[in-house]
Amino acid sequence: MNNIIKIAWRNLLRYTRRTLLTSSLIALGVALVIVFGGVGNSFRGGVIEIITNSNLGHLQVHKKGYIGSMDNLPLDLSIGEKGLEGLRKVLDSSPEVLSYSERIRFGAMISNFASTTNMRLTAVHPEKESATCPDLPGRIKEGESDPAAFVKPGAIVLPQNIASGLGFKLGDEVVLVANNKDGSVNGLSFRLSGISENIMGPQGKDGYIHLEDARTLLRIEGEEVTEVAVKLKDFDRLTGATSSIKKELADLAGAGQKPGAEAASGAQPGRGAKAGLEVHTWEELSPFASIAKMVALLIIVVRLVLVFIVLVSVLNVMMMSVYERVGEIGTMASIGTPPNKILALFLTEGLSLGFFSGVIGSAAGAGILLLLKALEIPFTFGSMDLVLSPSVPVGEIALALLVVIVISALASLQPALKASRMEPVDALRHV
Amino acid sequence: MSLVILENIKKDYITGEISTPALKGISLSIEPGKFISFIGPSGSGKTTLLNLLGGLDRPTSGKVTVAGTEISALDRRASAKFRGENIGFIFQNFNLIPVLSVYENVEFPLLMVQELPPAERRLRVTEMLEKVGMSDQAHKYPGQISGGQKQRVAVARALAARPKLVLADEPTANLDHATAYKVIGLMHAMKKELDTTFIFATHDQKVVGEAEQIYTIEDGLLSAGVK
């Protein structure tokens with residue numbers, strides 16, 4: 001085998017310019033795939049991290065049917081006290097869950113006494129919200145941003161667009177007027193304690209008040225909430241953890257439905273007594289999931305381009321190589337070289353070309369990614385400030401190399417088979 | 001026992017619907033250790049006959065037996081194996097592998113065909129290069145040596161595998177007068193030393209003059225020559 005590799009390499013070096021040109025093309029393709037994959041994944045990962053750590057959490061639990069009418073922020077599709085109790089039990093006992101935050105989301109009128117507008121609000125316990133969405137306090141650019149107390153009772157955090165639109169400054173009095181679930185209206189005054197930057201996606205432009213204030217404003221008695229955001233210990237375990245939480249909740253609903261199904265599922269009397277809870281991952285909640293899928297699709301397209309580059313390049317080189325060396329193949333066959341060794345010789349040549357180019361391309365791609373990481377290039381996506389910090393994707397490199405090797409082998413196969421099947425007498429006549 | 005037996009060999013080349021007979025029924029026996037020449041004008045069928053003797057081509061009809069094996073009945077793989085073990089080839093254009101050095105060219109059939117262990121390969125290659133006087137050029141590549149030297153390397157390659165039969169197609173056609181004589185002398189010496197049968201297809205009177213037996217091929221038919 002060593003001799004076959006030696007001869008293959010020498011034949012590649014025999015046509016130095018052609019080999020270098022082809023090799024450069026393949027290496028460029030591999031580097032492109034790795035850089036694109038690294039940058040794409042960095043962008044995707046960065047945005048997902050901001051979205052999940054700022055407001056969404058990794059997954060959310062709602063009363064069944066809530067997501068379908070989420071645009072209206074319905075208060076009558078809330079998780080009741082008993083349901084919340086069961087949910088807490090499930091989340092507290094799950095080894096996958098790091099923290100969770102109970103929320104009431106609602107729409108309200110906000111007024112500065114001169115002007116009034118609509119807005120969405122999320123009511124939270126600040127310490128639980130900070131544990132679940134650790135980047136949220138960091139989004140508060142003006143005012144109180146202590147993770148444990150970024151919104152105290154009587155205080156409100158407004159998003160930049162609302163604050164500037166109504167001309168609010170820190171410390172100003174803010175009036176919120178909201179409908180409760182029965183339709184009656186109530187109003188409450190707050191003191192503006194913080195102004196947060198906007199980010200894309202649902203809840204990206206919500207204001208924040210304390211959970212107890214929301215209960216007062218909305219006249220909610222007891223511990224009713226509209227959603228629970230959950231942060232997992234390991235984001236990569238999202239699918240498995242979601243399934244296991246769903247199963248636990250289904251079991252809980254099943255057990256609760258015999259003597260008191262309504263209570264266990266958090267259902268309100270008269271509103272689908274058998275309705276349970278539903279779990280949604282960030283992907284189901286954020287429109288960015290479509291962009292993330294698009295990025296993944298683009299990476300696949302770039303990989304396909306690489307496949308074509310390698311296929312055409314190696315096929316071209318190997319076909320030329322066989323055509324130019326027909327006489328040589330005849331000589332080898334005439335002195336008794338078995339067809340399988342002639343096949344191996346040309347296959348090795350194509351594989352060596354692909355492998356060598358792949359390694360060079362991988363090294364170049366990894367080098368470019370390391371350089372980009374070191375440069376920490378900042379960029380803005382929507383209203384989010386991101387830093388391009390791609391890591392070297394070992395899996396991507398291994399996959400690119402594997403693709404190059406497999407495609408090189410496939411591209412070399414036809415010319416190699418042609419060489420091995422040549423009749424020596426015909427090949428010698430070609431001299 | 002004859003080394004080569006040809007029994008009523010016919011070979012037709014078919015182009016489209018036209019069949020052109022190259023050999024029209026040749027029968028012949030050749031004893032081991034002979035120095036034999038096929039002569040005849042261009043297109044008479046000399047190379048075709050050599051190709052059939054070497055198992056590079058199959059006759060349209062008839063039997064070719066070399067060293068007791070009917071090579072005209074072997075499949076491609078078995079035919080390649082047989083050639084590697086029993087037949088050496090020397091070509092008009094030398095046909096050395098350009099990416100291999102002189103040493104590696106001679107070693108090629110021992111390594112790729114006979115798969116001999118390294119020590120034995122080294123011994124045989126060194127011995128053959130010494131015999132053809134190319135030991136000092138062993139590290140050079142075919143592009144760095146003269147035509148005569150190339151043919152000496154080709155002789156060494158053909159003989160390194162210790163074949164029973166060496167087939168040489170116009171081995172001196174691309175060599176000058178003096179070099180051609182040297183190469184013929186070398187082959188003659190090798191024949192004596194190794195008891196190998198040499199069969200030439202040639203126009204060259206220098207080669208013909210050295211042959212122990214000459215056969216003339218004309219219009220696909222064989223007739224015994226002057227010796």
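Chain letters run A, B, ... following the sequence lines, proteins first, then strands; residues in each count from 1. Atom set for the values below is all heavy atoms of this structure, side chains included, hydrogens, waters and symmetry mates excluded. Computed from a predicted model, the values in this text were never measured in an experiment.
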Side chain / backbone / both / neither for B:Phe82 at chain A, heavy atoms under 4.5 Å
neither
Would one find more than 12 heavy atoms of other residues, nucleotides or ligands at under 6.0 Å from atom CZ of A:Phe235?
yes
Applying a heavy-atom distance below 4.5 Å, give me the residues of residues 139-169 of chain B that approach chain A, sorted by number.
B:Tyr141, B:Arg157
Heavy-atom pairs under 4.5 Å with chain A - which of B:Thr47, B:Asn86, B:Leu96, B:Ile97 has more of them than the others?
B:Ile97
Which answer fits B:Ile87, side chain, backbone, both or neither, if we ask what part of it has an atom under 4.5 Å from a heavy atom of chain A?
neither
Does the pair A:Glu349 and A:Arg325 meet the rule for a salt bridge (charged side-chain N to carboxylate O under 4.0 Å, His left out), with working shown?
CA-CA 13 Å; A:Glu349 207 170 306; A:Arg325 281 151 57 195; 2.9 Å; yes
Aromatic rings B:Phe200 and B:Phe35: how do their planes relate, parallel, tilted or perpendicular, breaks at 30° and 60°?
perpendicular
Could you walk me through whether A:Trp9 and A:Leu353 pass the side-chain contact (heavy atoms from CB on, under 4.5 Å) check?
CA-CA 8 Å; A:Trp9 269 103; A:Leu353 179 66; over 6 Å; no
B:Ser79 and side chain to side chain donor-acceptor pair (under 3.5 Å): which partner among B:Arg83, B:Lys81, B:Arg77?
B:Arg83
For A:Ser334 and B:Phe91, run side-chain contact (heavy atoms from CB on, under 4.5 Å): C-alpha distance rounded to whole Å, both residues' side-chain angles, the deciding distance at 0.1 Å, then the answer.
CA-CA 11 Å; A:Ser334 67; B:Phe91 302 96; 3.3 Å; yes
Measuring heavy-atom distances to chain A, does B:Glu115 have an atom under 4.5 Å in its side chain, in its backbone, in both, or in neither?
side chain
Most contacts with chain B, counted as non-hydrogen pairs under 4.5 angstrom, among A:Leu345, A:Leu13, A:Thr337, A:Val425:
A:Val425
For A:Ile4, is it the side chain, the backbone, both or neither that has a heavy atom under 4.5 Å from a heavy atom of chain B?
side chain
B:Ser42 vs B:His203, test: side-chain contact (heavy atoms from CB on, under 4.5 Å). Steps then yes/no.
CA-CA 9 Å; B:Ser42 291; B:His203 288 103; 3.6 Å; yes
Going through the distances and angles, do B:Glu104 and A:Arg10 end up as a salt bridge (charged side-chain N to carboxylate O under 4.0 Å, His left out)?
CA-CA 12 Å; B:Glu104 289 163 339; A:Arg10 287 193 190 170; 2.4 Å; yes
Sorted by chain and number, sequence neighbours left out, side chain to side chain donor-acceptor pair (under 3.5 Å) with B:Lys10 holds for none
